[in-house]
Amino acid sequence: MLHGLKKRNWKDDQLSIINRILELDDTRRRLQQEIEQCQASLKKYATEIGQLYKEGKAQEAEAAKVEVASIKEQMKAPENELREVKTELENLLLEIPNVPHKLVPFGQSEEDNEVYKAWDKPLPELPQDALPHWELAKKYQLFDLELGTKLTGAGFPVYLGQGARLERALINYFLDRAHQAGYKEVSPPLLVNADTARATGQLPDKEGQMYYVERDNFYLIPTAEVPVTNLYRDTILEESDFPIKLTGYTPCFRREAGSYGAHVRGLNRVHQFDKVEIVRIEHPDNSYQALDEMLEHVSSLLDELELPYRIVRLCGGDLGFTSALTYDFEVYSAAQKRWLEVSSVSNFETFQSHRLRLRFKDGKKKRLAHTLNGSALALARIVAALLENNQSPEGIHLPKVLHPYTNFPLISPQTTP
RNA sequence: GGUGAGGUGGGUGAGUGGCUUAAACCGCCGGUUUGCUAAACCGGUGUCUCGAGAAAUCGGGACCGCGGGUUCGAAUCCCGCCCUCACCGCCA
């Protein structure tokens with residue numbers, strides 16, 4: 001475990017909190033035993049006193065009460081100490097991220113991520129006058145960022161006409177494909193309470209990333225992962241319930257403080273975007289096979305959309321707090337000449353299920369299940385790449401697989417808006 | 001938003017201070033009987049946590065929506081909160 005945490009570039013003083021936790025846990029046990037012993041004798045006295053009163057031995061009962069009072073007095077100190085120890089312990093435990101899987105490479109930042117599956121065909125080349133997607137959006141009136149700013153603020157795009165229809169087409173296409181792959185569709189609430197946000201690990205780590213509705217104490221979901229995975233909070237499954245495969249479309253809301261400039265132009269980074277998520281709850285023995293299946297699923301979507309992509313394995317420095325192993329899918333955006341992250345597929349092992357109290361019966365024992373999820377897919381950047389890579393003098397050609405969904409094969413000024 | 005009624009185990013549901021170790025019924029698991037199925041009968045049937053043990057298991061503690069309080073003793077009494085249902089108001 002310590003070796004694993006070093007992959008997250010933990011310094012020695014951070015590692016020492018592990019020792020502190022072990023120490024606190026010992027104290028906790030000792031105090032708990034001490035208190036429970038007292039409780040046991042209090043229980044005995046209570047029945048005894050009841051008995052004595054019934055027999056009319058009031059004097060003896062009074063004597064016993066004095067005894068009880070002294071035990072209670074004696075319990076006070078350990079009780080207070082236990083409360084403190086428990087609080088400190090819980091706070092420390094919430095600070096511990098998931099332990100990276102053995103495949104996770106060492107590294108500081110996304111620079112150190114490992115290309116797991118490269119794009120082995122030539123990358124598309126566009127003519128010199130090729131436009132980035134935010135220019136194309138203006139040209140064909142597909143979405144409008146300034147209108148969004150008027151309604152809300154920066155980072156809330158308004159999709160219009162063919163842009164809005166393309167958005168809807170992609171959602172339906174992704175949902176249908178997930179359905180075909182055996183995922184059960186869920187349409188969850190977009191606001192969740194703090195318990196829900198904590199169980200999937202958004203709280204306390206990503207507090208600042210979520211929009212918060214103070215009046216009702218609700219959080220706007222940053223991803224469908226949160227409500228969908230939480231369907232199984234406080235659940236005990238049978239082994240025969242596996243695998244559990246869920247999918248859901250939701251808008252996702254992210255405050256995304258930080259990072260400005262060209263990289264966040266257009267749809268590259270927005271506060272609200274649409275996403276179809278796939279979630280799996282698996283037997284620990286099968287979770288890595290499930291992860292591979294999810295990679296296959298996402299790959300097949302990108303193949304069908306005819307987008308060039310690569311898969312990278314996140315290094316320790318880039319790995320999310322809750323994840324044990326994450327693969328990112330990056331689509332090549334020809335006009336921007338850069339790779340855009342469009343999907344992130346992760347195995348959380350027992351990290352979330354511990355907080356979810358999501359277990360299954362393994363014979364007589366109960367064990368924590370494994371949870372996984374992945375974007376399949378995130379819309380905004382897919383739209384960006386589709387627009388840029390498929391631009392041509394006559395318009396933007398959409399991949400065949402989308403035609404039944406859009407009812408138009410080409411985006412052009414001539415197409416019905 | 002207003003008024004009222006409620007929240008008990010997998011389900012229904014009894015339980016107004018100690019006889020509750022939460023009744024009873026249903027469900028589920030095991031067994032007996034029986035050509036098979038069914039029925040009947042018998043036994044078992046929660047979660048968390050601490051300790052002992054190689055394990056089966058055994059022992060302690062907590063848990064009747066959540067959190068406090070009263071009491072020697074709380075499912076039961078008191079206070080706060082959350083939620084559900086019904087009706088009214090508003091409304092896609």
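Taking atom NZ of A/Lys57 as the reference point, atom C1' of B/G18 lies 17 Å away to the nearest angstrom. For the pair A/Glu62 CD and B/G73 C1', the computed distance is 14 Å after rounding to whole Å. As rounded to whole Å, 15 Å separates atom P of B/C19 from atom CG of A/Leu52. Atom CD in A/Glu36 sits about 10 Å away from atom P in B/G51, given to the nearest Å. Here the P atom of nucleotide B/U71 and the CD1 atom of A/Ile71 are 17 Å apart, to the nearest Å. Atom CG in A/Leu356 sits roughly 19 Å away from atom P in B/U47 (whole-Å rounding). Rounded to a whole Å, the CE atom of A/Met75 is 12 Å from the P atom of B/G61. In this structure, A/Asp234 places its CG atom 14 Å from P of B/G9, rounding to the nearest Å.
The aromatic rings of A/Phe360 and A/Phe242 sit perpendicular to each other, their planes meeting at more than 60°, with 30° as the lower class boundary. Ring geometry for A/Tyr183 against A/His297 counts as tilted: the plane angle lies between 30° and 60°, on a 0 to 90° scale. Ring geometry for A/Phe106 against A/His3 counts as perpendicular: the plane angle is over 60°, on a 0 to 90° scale with 30° as the lower cut. The aromatic rings of A/Phe321 and A/Phe351 stand perpendicular to each other, their planes meeting at an angle above 60°, with 30° marking the opposite boundary. Taking the six-membered ring where the residue is Trp, A/His101 and A/Tyr288 present tilted rings, their angle falling between 30° and 60°.
Spacing of P atoms, B/A75 relative to B/A23, comes out at 14 Å, to the nearest Å. A distance of about 30 Å separates the P atoms of B/C58 and B/U76, rounded to the whole Å. Nucleotides B/G9 and B/G69 place their P atoms 25 Å apart, quoted to the nearest Å. Nucleotides B/C26 and B/G68 are separated by 39 Å at their P atoms, to the nearest Å. Rounded to whole Å, the C1' atom of B/A56 lies 45 Å from the corresponding atom of B/U70. The separation of B/A92 from B/A24, taken at their C1' atoms, amounts to 46 Å, rounded to a whole angstrom. The P atoms of B/U71 and B/C78 are separated by 16 Å, rounded to the nearest whole Å. As rounded to the nearest Å, B/G65 and B/G1 have C1' atoms that lie 24 Å from one another.
Among the heavy atoms of the strands, none lies under 4.0 Å from A/Ala64. Across all strands shown, A/Arg28 has heavy atoms under 4.0 Å from sugar-phosphate atoms exclusively, and none from any base. Counting non-hydrogen atoms under 4.0 angstrom, A/Lys72 reaches the backbone sugars and phosphates but no base.
The nucleotide whose nearest atom lies closest to any side-chain atom of A/Lys366 is, among B/G61, B/C72, B/U47, B/U47. For A/Gln39, the side-chain atoms get nearest to B/A62 when compared with the rest of B/A62, B/G60, B/U47. Among the nucleotides B/G18, B/G51, B/U47, the one closest to the side chain of A/Gln33 is B/G51. If you check B/G73, B/U47, B/U49 against the side chain of A/Ala46, the one that comes closest is B/G73. With distances taken from any side-chain atom of A/Arg29 to the nucleotides B/G51, B/C72, B/A56, the minimum falls on B/G51.
The minimum heavy-atom distance linking A/Asn9 with A/Gly317 is given by the pair ND2-CA, 3.5 Å.
Across the strands present, B/U16 finds no partner; the criterion is a Watson-Crick or G-U wobble pair with both atom distances under 3.5 angstrom. Across all strands shown, the partner of B/G67 is B/C79, judged by Watson-Crick or G-U wobble contacts whose two distances both fall under 3.5 Å. In this structure B/A22 sits in no base pair that meets the Watson-Crick or G-U test at under 3.5 Å. Across the strands present, B/G51 finds its partner in B/C58; the criterion is a Watson-Crick or G-U wobble pair with both atom distances under 3.5 angstrom. Across every strand in view, B/G73 sits unpaired, with no contact that passes the Watson-Crick or G-U test at under 3.5 angstrom. Base-pair partner of B/A5: B/U84 (Watson-Crick or G-U wobble, both distances under 3.5 Å). With a cut-off of 3.5 Å on both Watson-Crick or G-U wobble distances, the partner of B/G43 is given as B/C29. Shown here, B/A92 forms no base pair; nothing in the strands shown gives a Watson-Crick or G-U wobble contact with both key distances under 3.5 Å.
Under 4.0 angstrom from either OP1 or OP2 of B/A62 there lies at least one side-chain N or O belonging to A/Lys43.
Here A/Leu307 contributes atom CG and A/Asn389 contributes atom CG; the two are 6.0 Å apart, rounded to the nearest 0.5 Å. From A/Leu15, atom CG reaches atom CE of A/Met1 across 9.0 Å, with rounding to the nearest 0.5 Å.
Taking the nucleotide of RNA chain B with the nearest heavy atom to each of A/Glu48 and A/Val68, the more 5' of the two is matched to A/Glu48.
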